[in-house]
Structures are given as structure tokens and as C-alpha cells.
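For ligands, and for the atoms within them, numbers begin at 1 and follow the listed sequence.
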Amino acid sequence: MAEIVTESNSEFAAPGGAAATELPLVLLSHRGPITFDWDESGRTASRGSGGLVTALMGLAEHLADAVWVCAASSDEDRVVVGEAGGRSVLVATGAEPAIVAGDDSVEGSTLRIKMVAVEPAAHDAFYAVISNPLLWFVQHSLYGLAESPVITQVEHAAFDDGYVAVNRLFADAVADEVEARGGKALVMLHDYHFYLVAEQVRRRCPHALLSHFVHIPWPGPDTWLTLPPTMRDPLLRGLLGNDVVGFQTLGFARNFVRCCQDLLDLPADLDALTVSVDGRTVQVRHYPISVDPAALDRIAAAPVTQEYAADLAGAFQSDGRQLILRVDRTDPSKNVVRGFLAFGTLLDNHPELVGKVSFLALLQPSRTDVPEYFDYIAHIGAVVAEVNARHTNEGRQPIDMRMVEDYALVVAAYSVCDVVMVNPVADGMNLVAKEFLLVNSRDGVLALSETAGAYEELREHVLALHPFDVAQMAEALYEALTMDADQRREQRVAAAAHVRTHDVRAWLTAQLEDLAAVQRLGRREAPAAPAAGAPLPPLEGAKHRRRTAARPRG
Ligand code: ADQ
């Protein structure tokens, strides 16, 4: 098997060199790796942050012929789409990202990006009616079924004219890129916005190797019954257009197989995690996403982070006081309200802790245009005010809630806190839990919801939270605050070692290995993998050249 490895991305090679295919890469995610804007100095370009963007960029930047398809999100993105006539643009991705003009040469990393501009009404139906909230709420089990969801003609129309139409648009964009690469490419699709893409790309490009990674939970068939068959069946069938469908946990992967069995009546194997459809076998896998330890270490060591850490320790931890932290988007799935109720109960039950423990919440406002999210922020504010009114001690309020997006502050808070509370109602993985483990310097305790994807990996090293049981969460916080030093250290060290060895590169490498295996075995065989000795020949991909270093622009 040839490898996807070039001189400069050998960190993505699996041991033994079996990591990948020799195919060019086409990525798809709703949010892109680069966003363009306009200020007084002219066009600006900024690189997305976060482990996922970094890992996928690290792969794509080093492959000739890779392209990342995404939605145009800003006005300037749409100007770029217009200028490029709908084609992809080459972007230099160094410290100051910029578009590379046709005849310019560039030194350093580059990435080809194809942004798709969606007509606003269709995008609104796709994004603000179907993806968020309908799919997000179903997949995180957020509906109180006595009253919601109410699926009317509006949602049906939004599904047909928004979700289906926009998925078709993106499928066309992806298929155009695959065809431009000779019809053979490795296609990696991301998340709940694009469940219908693979099936359509497969129709146009039967030789593409297709995978989809779902970042959020995949509930069991009963929960999917919340959606009418006219929605849920196409979503499942769309995903079955892939060769490999990836989830965060084994539990979610099994749920998907059960959905295919129970809702579509397809032959499936719950042990092998395969589904047979249209004479093909679809592999269902789990790849727990993770963080980039080196990048986190750099941020933790930066002067701004260190300054923040000293300020936080001075404000919250003098005289032996302890600090509980939470870091979240203000998303109802994160369960912020019950978290504060549990803290209030902790102080009610243990009045000796009043004045001795604070709760710092760094909350990033999220999707405030969705009514449920807007109302949730108001609810959070009311609970915080109530707990603070009940337990203010010598002028010190126990909860310090900040609506802020500041990653250096977040990392500083991880490093000094004594306990971090991660209590989502449901979560695909939850990177806050993993980030905290890597940078905490006080043997802090991770109090983690049983329903977060991260719990499947970390359960032995954390205090379990039941996200609906406020009394249990209050007692777990008490246990965390009073845990003896040896146990704290043992737990955190073991959990951090796990995260360091299971980082975001391991997440990506595992997917590339599985895709290479699918390609090796010949994905068109059904129902099981072909007998040894009868594999299809590997698909011949475009040759991967190392980009010639050249002089920078201007
Ligand atoms: P999210 O739901 O966004 O991700 P999570 O995995 O916790 O959840 O990632 C949040 C990120 O935002 C973390 O890197 C965190 O540090 C950062 N963040 C949160 N609050 C912040 C603040 N106030 N300021 C600055 N940064 C802040 C989705 C899924 C998850 C899955 C990821 C990746 O819902 O389950 O883990 O994708 O697959």
C-alpha cells in the first residue's frame, strides 16, 4: 500500500507505513479553516483555531492536490467567491494568511480552499431551522417531548428547500473537486450539517473513497423517532453513502448500526459494526477526538497566560480558598443551569464552605439568534443571581460568571483551578475535559458527566456526574473539594497521560489507517470484507508532489 505521506507530514504516518491511501484529499466542513474580512488596511485573512482545524490543516497543507470545501461565512468570503468565479483559491497559511495570486510563488505552507456561497434564505432554513436547532436538539436529546419539537410545514419546507438543497450544493462542490482530480479522491466529510452529501457524491464519483465523521452524539433509534421518516430515513441513507462512518464513541457507533437495523430494516452486524446496503458494506467506527498537546503547552507557557494565571490565583485561591471552574459555550446541552443549582446545593448542605470556595464560569455566548439559546442565557443569569444572593459572604459572591471568549484566560484558569465541572446533558466528546487535564498544575479533579463522550475513555480517572441529579452533582463537588492529595494526583496524572498519547494526531491517523484498509480490501465487496487473496487493486491517485519552495509574494 502506498502512503499519503510526504516528506513533511510524516507525523501522520501510521506505524509500519500503512496509514493512508495514495489519493488526493477533499475535505468538507461547514466552518472553514480561513475567514476573510475587510478593515482599513484592506482584506484580512484569519486562521481558524482549535484542534480540529489545526489537525486537518496539518494534513491538507502538506498534500499537493488537497482542497477544503466550506461555506462562505463573512461578506468578504462572498467577495472572494465572486472573484474566484466559484473556483477554489490557494491560500498561504503562514503567520499572515493571504490568497496566492495565480502567478505568485510562495514559500511555506499553502492550502487550497473552495468556499461555497449559499443564497441567504436557503442557508437560514438549512442552518437556523434544521441543523441548529432540530438536528442538534434531537442528537443531544434536548427536547421536552410533551411540548417540543412541533414539526410543521415550516420545518418540512426548511428540510426540502434548505437542508436537502444546501447539501446538494455542497455535494456538487465536492464532486466537482473529485472529478477535477480524475474522479478518485479520499473525501472526508464533517458533522451534522452534511449527512446527505456522501450519497450524492457517490452517484457522481463511484470511485471516490468516502468517509464522514460525526462530532456530536448519535442517539439510539427511539430518539430518532422524534423526526418523521421523511427526514430521518434520508439522513441515515445519506450517511450510508460513505465507506466509513466515524463517531466519537463506541456507544454512538453502536447506536448508528441499531438505527440502520431498526429504522431502515437493513442487515447489520452489531459486533463487526457494519451495515449492508445496496450490495456494499459500510464500516461504522469510533475515533475519539482529542487535543494538540504541543499547541496547548505553548499557550500555557505564553506570558499573557501566565499573567492571567497569577491574577486568578490571587483573586480566588489566597488563604487556602479553592476554585471550581467551568468553561463552555452557552448551549443548553452543556447544562450550565443545573451546574449552578448543584453548586448552590453544595453551599446549602456545607455552609462551612461559604467564603472558602468560588465558582468561576467562563462562558462563550453561542447561537444567540436561536430563541432557545437566548432564553437559556437569561435562565443562567437568574440562577447565578439567586445563588449569589443566598450565599454572599463578607461582600464576596461565590459565583463569578464572565461572558467572554478568551482562550488564554481559559487555559490560565485550567492551570490553576482545583476542580473543573463538565456536566453536559449530552456531548460528542468535550474538549474542555481533555484540555484541562493537560495544563492543570494543581492536581485538579475532573468532575465529568457520564453522558459526555469523553467519559467512555476517562471514566477510571474522574468523578462521575449524573447531569440531571443536582443532589448527586453537589455531593460529587464536595468529594472533589475534599479529596486527598495522593488520589487527586494519581487520577490527574493517569488521565493526562492517556490524553497525551491519544491526541488529535492519533484521531486522524486511525481514520486514515481504516480508510487505507477499506481501499486495500476493496470496498465494493459485500456483505463482508473479501476473502484474502482477492483484493481489488488499490485506486491509483494523483502523484503527491512536494511543493517547490519559492519566493514569497511582493
Ligand atoms: P463544542 O460543543 O464546541 O464542540 P467542546 O468540545 O467542549 O465543545 O469544545 C469547546 C472549545 O471551545 C474548547 O476548545 C474550549 O476551550 C473552547 N471554549 C469554550 N468556552 C470558551 C471561552 N469562554 N473562551 C474561549 N474558548 C472557549 C463540538 C462537540 C464536542 C466535540 C467537539 C470536537 O459538541 O462534543 O468535542 O465538537 O469534535
Taking [X] for the side chain and [Y] for the main chain, is one N or O donor matched with an acceptor at less than 3.5 Å?
| X | Y | result |
| --- | --- | --- |
| T509 | A506 | no |
| D77 | F36 | yes |
| E435 | V411 | no |

Any nitrogen or oxygen of D427 lying under 3.5 Å from a nitrogen or oxygen in ligand 1? Just yes or no.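 N/O-N/O distance below 3.5 Å exists for this pair.
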
Please confirm whether H140 comes within less than 3.5 Å of ligand 1 when only nitrogen or oxygen atoms on both sides are compared. no

Could you tell me which atoms of ligand 1, counted from 1 in the order shown, lie closer than 4.0 angstrom to a heavy atom of [X]?
| X | value |
| --- | --- |
| V432 | 7 (O), 15 (C) |
| K334 | 1 (P), 2 (O), 7 (O), 8 (O) |
| G428 | 35 (O) |
| Y414 | 16 (O) |
| V404 | 22 (C), 23 (N), 24 (N) |
| V327 | 19 (C), 20 (N), 21 (C) |
| L362 | 23 (N) |
| Q248 | 31 (C), 38 (O) |

Reported NE2-to-CG distance for the pair H286 and L250, which is rounded to 0.5 angstrom: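 Output value for this atom pair is 5.0 Å.
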
Out of [options], whose heavy atom is nearest to [atom]?
| atom | options | result |
| --- | --- | --- |
| atom 2 (O) of ligand 1 | R329, Q364, R326, M429 | R329 |
| atom 5 (P) of ligand 1 | V504, L431, V410 | L431 |
| atom 37 (O) of ligand 1 | H215, R402, E435 | H215 |

Going by the angle between their ring planes, with limits at 30° and 60°, are [X] and [Y] parallel, tilted or perpendicular?
| X | Y | value |
| --- | --- | --- |
| H123 | H30 | parallel |
| H379 | Y376 | perpendicular |
| H215 | F213 | perpendicular |

Per-residue contact class, [X] against ligand 1 - non-hydrogen pairs under 4.0 Å:
| X | result |
| --- | --- |
| D328 | backbone |
| W136 | side chain |
| L409 | neither |

Regarding E457 and H498, do their side chains bring together a donor and an acceptor under 3.5 Å, going by distance alone? yes

Checking side chain to side chain contact (heavy atoms under 4.5 Å, CB included) between D331 and each of Q364, H140, E372, R367, which is the one that passes? R367

Minimum heavy-atom separation for S141 to T223, with atom names?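 Closest pair (atom of S141, atom of T223, distance): OG-CG2, 4.0 Å.
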
